[in-house]
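Everything below concerns the one structure shown next.
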Amino acid sequence: NEVGNGVKERCIHFFFNDTATTEIYTLSLHDALPILDRKEAEIIVLEATDKILPGSDPKMATEAQAELENRGVDFWIEHKVVAYKEGIIHFHNGDKLASDTLIWTGGVRAGGLMKGKKVKLGPQGRVKVDVYLRVENYPNVFAIGDNALALNPKTSQPMPMAAQFALGQGRLAAENLFAELTGKKMRPYRPKVMGEVLSLGRHLAMGWVSLPWAGKRRFLGFTGSLLKRAISEKHLLLLWKESRNWTGVPQLPPGPGEN
């Protein structure tokens, strides 16, 4: 439909609020809107910190920003959005921008189930756990995945909210729970980082993988997008495989008075 130039200009300027990898995933909009005149449309990422993709590999974050800038995406670093009222974006430093299209990709937080409980919470509302993934001050409770503030023992930094870590934590928590119930020694959390992949568009991705025979290898381009798809399918396959084993879990020894 035809609209006035003023209205059109305000609608085709896309502003993405920070942070984390969601800001990169959402930039596939650059490929997903072929009806827009790229000379008129504008896509800007508003990042509150001094760099994009905090927590990711620094070199990969720099390369991702450069690749997207070459494709016409602008980045406004250290621009924290504090309000959005009546089509006006307000920043912490007093600056303002007019746009009727603000796409909020503000990262992720843990679910609010534990809010208000007597457990210790860390950044993003994640439950603090010990090296065995037990909730602090509650040794009979385990927490895994996005809800758990599990730390990398090598860096003392929180583990990213990613499926590969949640799957590993789930297996370890199950093993440690079984070990505790059977009087065996529990194992501390030692994450295995297989790699990281970022989607930069419909047929473009970049990242790195850790190969046993070749070490750390980086990639960029269409091959990366195929690997991204393969990783997604792998997680579905692993879930299906694990579900087939749920009925075959080890049985606990009978307790006193039990047959």
Residues in side chain to side chain donor-acceptor pair (under 3.5 Å) contact with Glu63, at least two apart in sequence or another chain: none
By salt bridge (charged side-chain N to carboxylate O under 4.0 Å, His left out) - contacts of Asp74 (at least two apart): none
Under the side-chain contact (heavy atoms from CB on, under 4.5 Å) test, residues paired with Ala66 that sit two or more places apart: none
Considering all heavy atoms, the nearest Arg134-Pro139 contact: CD-O, 3.2 Å
Heavy-atom pair of closest approach, residues Ile144 and Gly170: CD1-CA, 3.6 Å
Student check: side-chain heavy atoms of Ile44 and Phe75 closer than 4.5 Å: no
Donor-acceptor contact below 3.5 Å, side chain Glu47 vs main chain Trp76: no
Tyr84: partners by side-chain contact (heavy atoms from CB on, under 4.5 Å), with sequence neighbours left out: Ile89, Leu102
Which pairs would a plain distance check flag for residues 149-156, meaning a side-chain donor or acceptor within less than 3.5 Å of a matching protein atom at least two apart in sequence or in another chain?
unit_1 : atom_1 : unit_2 : atom_2 : d
Asn152 : OD1    : Lys154 : N      : 2.9
Thr155 : OG1    : Gln157 : N      : 3.3

Listed once per pair and sorted, the salt bridge (charged side-chain N to carboxylate O under 4.0 Å, His left out) pairs that draw on residues 175-192, sequence neighbours left out: Glu175-Arg187
Smallest separation among heavy atoms of Ile77 and Thr49, with atom names: CG2-O, 3.1 Å
Heavy-atom pair with the smallest gap, counting every atom of Phe165 and Tyr189: CB-OH, 4.1 Å
Shortest non-hydrogen separation from Leu133 to Ala173 and the atoms involved: CD1-N, 4.3 Å
Aromatic ring pairing His79/Phe91, orientation class (parallel under 30°, perpendicular over 60°, tilted between): perpendicular
Name of the residue among Asp130, Asn176, Val131, Leu177 meeting side chain to side chain contact (heavy atoms under 4.5 Å, CB included) with Met186: Asn176
Close side-chain approach of Lys118 to Tyr138, heavy-atom, < 4.5 Å: yes
Residue pair Val127 / Val135: nearest heavy atoms and the distance that separates them: CG1-CG1, 3.7 Å
With Glu78 via side chain to side chain donor-acceptor pair (under 3.5 Å) - residues at least two apart: none
Contacts of His90 that satisfy side-chain contact (heavy atoms from CB on, under 4.5 Å) - sequence neighbours left out: Val82, Ala83, Lys85, Ile88, Lys96
Contact list for residues 135-147, test salt bridge (charged side-chain N to carboxylate O under 4.0 Å, His left out), sequence neighbours left out: Lys120-Glu136
Spacing of Asn140 atom CG and Leu181 atom CG [to the nearest 0.5 Å]: 10.5 Å
Partner residues of Asn93 under the side chain to side chain donor-acceptor pair (under 3.5 Å) criterion, sequence neighbours left out: Asp95
Check: Arg126 side chain, Asn147 main-chain N or O, donor-acceptor pair, under 3.5 Å: no
